[in-house]
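See structure below.
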2 protein chains.
Amino acid sequence: MHKAVTIKDIARECGVSLSTVSLVINGNPRISEKTRQRVMEAVRKHDYKPNAQARGLVSRASYTLSVVVPELGRAFGDIYYGPLIGGIYECATERGYKLMLDMNNETFRRRKEYIDMLKTGRVDGMLFIATNNFDQFLAELVGTPYAALVVNNWLPGQPLSHVAADYAQSARVAGEHILGLGHRQIGVIGGTNVTTAELFNQTLLEVLEEAGIDPDSVPFRDGGFTEPGGFEAARSLTENRPDLTALIAGNDRMAIGALRYLEMKGRKVPKEISVIGVDDIATAAQARPALTTVRHDYYRIGYQAAEQALALFKDPSQTIRDLVPVELVTRVSTGPAPA
Amino acid sequence: MHKAVTIKDIARECGVSLSTVSLVINGNPRISEKTRQRVMEAVRKHDYKPNAQARGLVSRASYTLSVVVPELGRAFGDIYYGPLIGGIYECATERGYKLMLDMNNETFRRRKEYIDMLKTGRVDGMLFIATNNFDQFLAELVGTPYAALVVNNWLPGQPLSHVAADYAQSARVAGEHILGLGHRQIGVIGGTNVTTAELFNQTLLEVLEEAGIDPDSVPFRDGGFTEPGGFEAARSLTENRPDLTALIAGNDRMAIGALRYLEMKGRKVPKEISVIGVDDIATAAQARPALTTVRHDYYRIGYQAAEQALALFKDPSQTIRDLVPVELVTRVSTGPAPA
DNA sequence: CTGAAAGCGCTAACAA
DNA sequence: TTGTTAGCGCTTTCAG
């Protein structure tokens with residue numbers, strides 16, 4: 001919208017050609033120290049910055065990644081996104097990439113922006129955050145020459161790249177921790193309609209079954225991934241099954257909701273009943289009692305997701321399936337089953 | 001990173017010139033219906049999308065706005081950002097603009113990205129969210145031909161554009177509401193190091209003074225804009241001044257923190273003590289008791305900020321100073337001063 | 001109503 | 001070591 005200083009201006013000012021200036025600013029060593037100095041001087045003097053679109057046009061890259069989140073109201077307000085997007089941001093920045101923010105809303109899907117942004121070259125890759133089983137449009141990206149990657153989830157049966165926490169392992173770790181403490185009457189607060197969450201639920205049942213517990217006898221409630229949902233699920237579970245000595249939640253928010261319910265009811269945690277979550281969000285350690293959980297390193301997941309998106313951009317023919325390991329974090333909310 | 005279908009392909013396929021295709025896809029009416037049809041057919045067939053960088057190079061625009069937030073951990077986890085960025089996003093989308101996400105961290109400032117992104121043409125404008133008095137680098141944008149805009153704050157004494165809630169009005173509305181309920185012993189929980197917050201604090205004192213209250217007798221605590229800060233400030237205020245019958249907080253998070261403290265202490269709100277906040281974040285209505293507050297329409301502020309950033313892009317010579325009106329929302333947390 | 005040609009700002013062969 | 005030239009994909013006069 002205004003006249004900026006271009007490579008031409010610098011070239012003219014220094015009495016050299018465009019390519020010389022180009023080579024200098026790109027650090028090509030085949031330019032003599034003398035002219036390099038002269039050019040750099042002019043560059044500094046005018047504070048010249050090469051136009052990104054012109055560069056991108058030639059290099060066929062936008063040096064931009066898109067992060068697609070669900071509705072913003074949900075994204076902001078969810079502490080879980082912080083480290084995840086932080087990791088993406090960090091990796092992108094280190095590689096000279098910028099982040100675009102996209103919203104997976106009706107308009108986004110109708111306009112097919114998930115494919116347009118890639119096609120028009122506005123972004124080199126897209127990272128889909130917090131997707132669920134209803135996001136079937138993602139399947140349209142399968143087989144395209146574009147760098148699309150699902151973060152912390154995946155499309156079952158589709159060769160679409162993803163980087164996610166190892167939820168099967170989380171279920172195993174959480175289940176075995178609770179079993180190891182002697183619990184047999186266990187309730188599950190899980191999420192649904194998300195592949196990783198369903199994998200967690202299912203694997204958990206398998207782990208309990210391996211320990212001789214009839215899966216059909218394990219009560220399950222959908223906590224909708226939220227704290228109020230967890231609160232409500234805990235209420236429902238404990239009212240129907242007063243004998244429960246442990247609650248396993250699919251994420252920390254639901255676990256914290258359960259904790260709040262139990263506190264309200266005056267139930268002693270972990271003396272009477274144990275609670276374990278998944279994620280290790282920042283508030284888990286500050287919960288009362290401090291929440292035992294299975295840590296998911298979302299910063300790392302984000303970082304790795306960005307890294308792989310760029311790898312995908314280089315070679316879109318591959319399908320990346322990265323599972324990031326998890327780790328038990330023992331705090332106060334779990335203890336031996338009461339006698 | 002791969003061969004995409006270009007305007008040339010379409011032109012060749014239809015046996016027309018590049019310009020004809022260009023005119024068609026840009027909806028120029030001077031093309032005959034017949035060729036238009038033919039071209040559109042090919043466009044659809046190949047799902048052709050014009051390259052954004054090439055377009056941008058010609059039009060000298062990137063059709064991208066940058067939203068600069070402070071550290072992401074703070075941004076995600078703060079429900080306040082949702083409507084604000086939602087408004088920006090909505091306005092941008094309506095105008096065919098995309099959003100870039102930038103972080104006001106050390107790297108961002110050191111690399112002077114706040115000016116580079118504009119200079120290199122990566123973005124057409126920048127919106128700075130949640131700035132404070134330490135962000136002095138913003139002054140470097142004054143007098144440049146770039147579209148920079150501070151959201152919900154401003155740089156005192158600098159001709160830098162901003163769109164913000166009318167905090168002086170908020171202070172007036174909150175103060176008069178509390179005074180109108182007969183309160184005379186009033187404590188203030190405010191934020192600091194942010195121009196709008198300081199304006200709020202100062203205006204509030206003026207309002208109280210107008211009502212005959214000695215400003216020096218009004219106790220103030222810095223609540224750091226956070227819920228724990230508000231909790232702590234309420235503790236400090238009520239312990240030092242047990243006679244207080246009302247607490248005015250500079251935002252809802254601090255007010256909710258105060259509410260939590262008072263609840264813990266068994267102090268009846270609003271019977272014994274009234275609490276009022278500012279913002280009307282989503283959780284204010286769900287607080288117990290429901291929080292009386294001064295509503296700031298952040299969606300609208302965000303929307304208007306994006307709008308003005310684009311206006312600034314068109315004509316960077318102007319300085320925009322928009323104040324968005326506020327509105328009292330009376331709920332349960334305020335009531336008549338006890339006798 | 002359509003096409004040819006110039007140019008947006010930059011990079012990258014290829015010459016010199 | 002440096003300059004010339006030809007694009008990257010698109011828009012936009014200006015001719016025809």
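Keep in mind that what you see is a predicted model, and the values were worked out from it rather than measured. Keep in mind that the numbers below use all heavy atoms, side chains included, and drop hydrogens, waters and symmetry copies. Note on naming: letters A, B, ... go to the chains in the order of the sequence lines (proteins, then strands), and numbering restarts at 1 for each one.
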ask   = Any N or O donor-acceptor pair linking the side chain of Arg55(A) to the base of dT11(C) at under 3.5 Å?
value = no
request  = Answer with yes or no whether the side chains of Tyr114(A) and Asp135(A) bring together a donor and an acceptor at under 3.5 Å.
outcome  = no
query = Counting only side-chain N and O atoms of Ser32(B), is one of them less than 4.0 Å from OP1 or OP2 of dT2(C)?
reply = yes
inquiry  = Whether Asp116(A) and Lys119(A) form a salt bridge (side-chain N of Lys/Arg under 4.0 Å from carboxylate O of Asp/Glu) is what I want to check.
reply    = no
ask   = Are more than 12 heavy atoms from other residues, nucleotides or ligands located less than 6.0 Å from atom CD of Glu140(A)?
value = yes
inquiry  = I'd like to know if the side chain of Arg122(A) pairs up with that of Ser66(A) as donor and acceptor (distance under 3.5 Å, no hydrogens or angles considered).
reply    = no
task = Return the value, rounded to whole Å, for the distance between atom CG of Asn51(B) and atom P of dC10(C).
result = 17 Å
Atom-pair distance (CD on Gln53(A); P on dC10(C)), nearest Å = 11 Å
task = Could you tell me the separation between the CZ atom of Arg12(A) and the P atom of dG9(C), rounded to a whole number of Å?
result = 12 Å
task = Using a cut-off of strictly less than 4.0 Å, decide whether Thr35(B) has a side-chain nitrogen or oxygen near OP1 or OP2 of dT2(C).
result = yes
ask   = Can a donor-acceptor pair be found between the side chains of Ser17(B) and Thr20(B) at a distance below 3.5 Å?
value = yes
Pair of N/O donor and acceptor under 3.5 Å linking dA12(C) base with Ser22(A) side chain = no
inquiry  = By nearest heavy atom, map Leu18(B) and Leu23(A) onto DNA chain C; which one lands nearer the 5' end?
reply    = Leu18(B)
message = Less than 3.5 Å apart, any donor N or O on the side chain of Gln37(A) or Glu41(A) sitting next to an acceptor on the other?
response = no
request  = Give a yes-or-no answer on whether the side chains of Tyr89(B) and Asn105(A) include a donor-acceptor pair shorter than 3.5 Å.
outcome  = no
note = Among the nucleotides dG3(C), dG7(C), dT11(C), whichever has the atom closest to the side chain of Asn26(A) is dT11(C)
query = CZ of Arg30(B) versus P of dT2(C): gap in Å, rounded?
reply = 10 Å
Asp124(A) side-chain N/O to Tyr63(A) backbone N/O, donor-acceptor pair under 3.5 Å = yes
key: Nucleotide dA12(C), atom P - distance to CD1 of Ile7(A) in whole Å   = 11 Å
Opening and closing nucleotides of DNA chain D in contact with chain A, under 4.0 Å to non-hydrogen atoms = dT1(D) to dG9(D)
inquiry  = If you assign Val21(B) and Ile31(A) each to the DNA chain D nucleotide with the nearest heavy atom, which residue ends up on the more 5' nucleotide?
reply    = Ile31(A)
ask   = From dG3(C), dT11(C), dA12(C), pick the nucleotide closest to the side chain of Ser19(B)?
value = dG3(C)
ask   = Of all the nucleotides listed (dC14(C), dG9(C), dT11(C)), which has the minimum atom distance to the side chain of Arg60(B)?
value = dG9(C)
inquiry  = Rounded to whole Å, please give me the gap between CG in Asp9(A) and C1' in dG9(C).
reply    = 11 Å
request  = Output yes when at least one side-chain N/O atom of Thr6(A) is less than 4.0 Å from OP1 or OP2 of dG9(C), else no.
outcome  = no
query = Within this structure, what is the CD-to-C1' distance between Glu33(B) and dT2(C), rounded to whole angstrom?
reply = 16 Å
inquiry  = Counting the atoms with a prime plus P, OP1 and OP2 as sugar-phosphate, which does Val16(B) contact under 4.0 Å by heavy atoms, base, sugar-phosphate, or nothing?
reply    = sugar-phosphate
